[in-house]
Amino acid sequence: MHSDLTTAVQLADIMAYCFNWGVRLHKMTEATRKEIEPLADLAFNIRYVGRRFDEVGGKEWPVYGVFFLDDLRPRQEREADTEK
């Protein structure tokens with residue numbers, strides 16, 4: 001099998017699939033696929049949770065996202081490249 005998608009795009013696609021079929025938030029009422037839920041939980045647990053402050057309104061609220069890794073190599077390999 002051949003794919004023109006990069007590995008990172010394929011991984012993002014798999015994670016999006018897991019989010020779509022295994023995670024339900026607030027008003028999401030459709031059933032999940034039970035066999036996907038363990039993978040969805042893993043993907044969901046790497047999301048970013050932060051806070052945003054609105055200076056004009058004086059309110060603070062949570063901001064959610066997914067953590068981005070730009071280099072999957074171990075730290076030792078990344079550090080070796082920066083030393084060269």
Side-chain angles (χ1 to χ4, degrees):
M1 182 171 165
H2 173 72
S3 174
D4 292 328
L5 299 175
T6 66
T7 303
V9 172
Q10 290 175 354
L11 181 58
D13 187 50
I14 291 168
M15 290 180 67
Y17 182 87
C18 291
F19 278 124
N20 186 54
W21 287 103
V23 175
R24 294 295 175 261
L25 302 172
H26 307 292
K27 297 179 182 179
M28 300 169 77
T29 59
E30 296 293 323
T32 61
R33 292 184 54 185
K34 296 295 182 194
E35 70 275 15
I36 300 293
E37 286 181 7
L39 296 172
D41 288 341
L42 290 171
F44 190 69
N45 286 335
I46 67 167
R47 76 194 183 285
Y48 169 78
V49 179
R51 302 210 82 31
R52 180 174 177 193
F53 182 74
D54 178 10
E55 293 182 22
V56 175
K59 295 182 180 179
E60 184 177 82
W61 63 90
V63 176
Y64 301 97
V66 175
F67 184 75
F68 169 73
L69 291 174
D70 62 342
D71 192 339
L72 296 175
R73 296 176 300 160
R75 178 181 294 159
Q76 296 83 1
E77 289 180 23
R78 292 189 316 262
E79 289 173 351
D81 274 356
T82 59
E83 293 171 2
K84 292 180 182 178

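- For residues 34-43, the pairs satisfying salt bridge (charged side-chain N to carboxylate O under 4.0 Å, His left out) are R33-E35, K34-E37, with sequence neighbours left out.
- Of all non-hydrogen atoms in F44 and F19, the two that sit nearest each other are CA-CE2, 3.6 Å.
- Across every non-hydrogen atom of A40 and C18, the tightest pair is CB-O, 3.3 Å.
- Hydrophobic cluster membership for W21: Y17, I36 (Ile, Leu, Val, Met, Phe, Trp, Tyr linked by side-chain heavy atoms under 4.5 Å, directly or transitively).
- Note that CG of D81 is 8.0 Å distant from CD of E77, once rounded to the nearest 0.5 Å.
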Verdict with supporting geometry, D54 and R52, side-chain contact (heavy atoms from CB on, under 4.5 Å): CA-CA 7 Å; D54 178 10; R52 180 174 177 193; 6.0 Å; no
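- Both M28 and V23 belong to a common hydrophobic cluster when Ile, Leu, Val, Met, Phe, Trp and Tyr are linked at side-chain heavy-atom distances under 4.5 angstrom.
- Atom CD of E30 sits in a sparse spot, with 12 or fewer heavy atoms from other residues, nucleotides or ligands closer than 6.0 Å.
- Between the R24 side chain and the A31 main chain, a donor and an acceptor come within less than 3.5 Å of each other.
- Nearest heavy atom pair, residue E60 against residue R51, reads OE1-NE, 3.1 Å.
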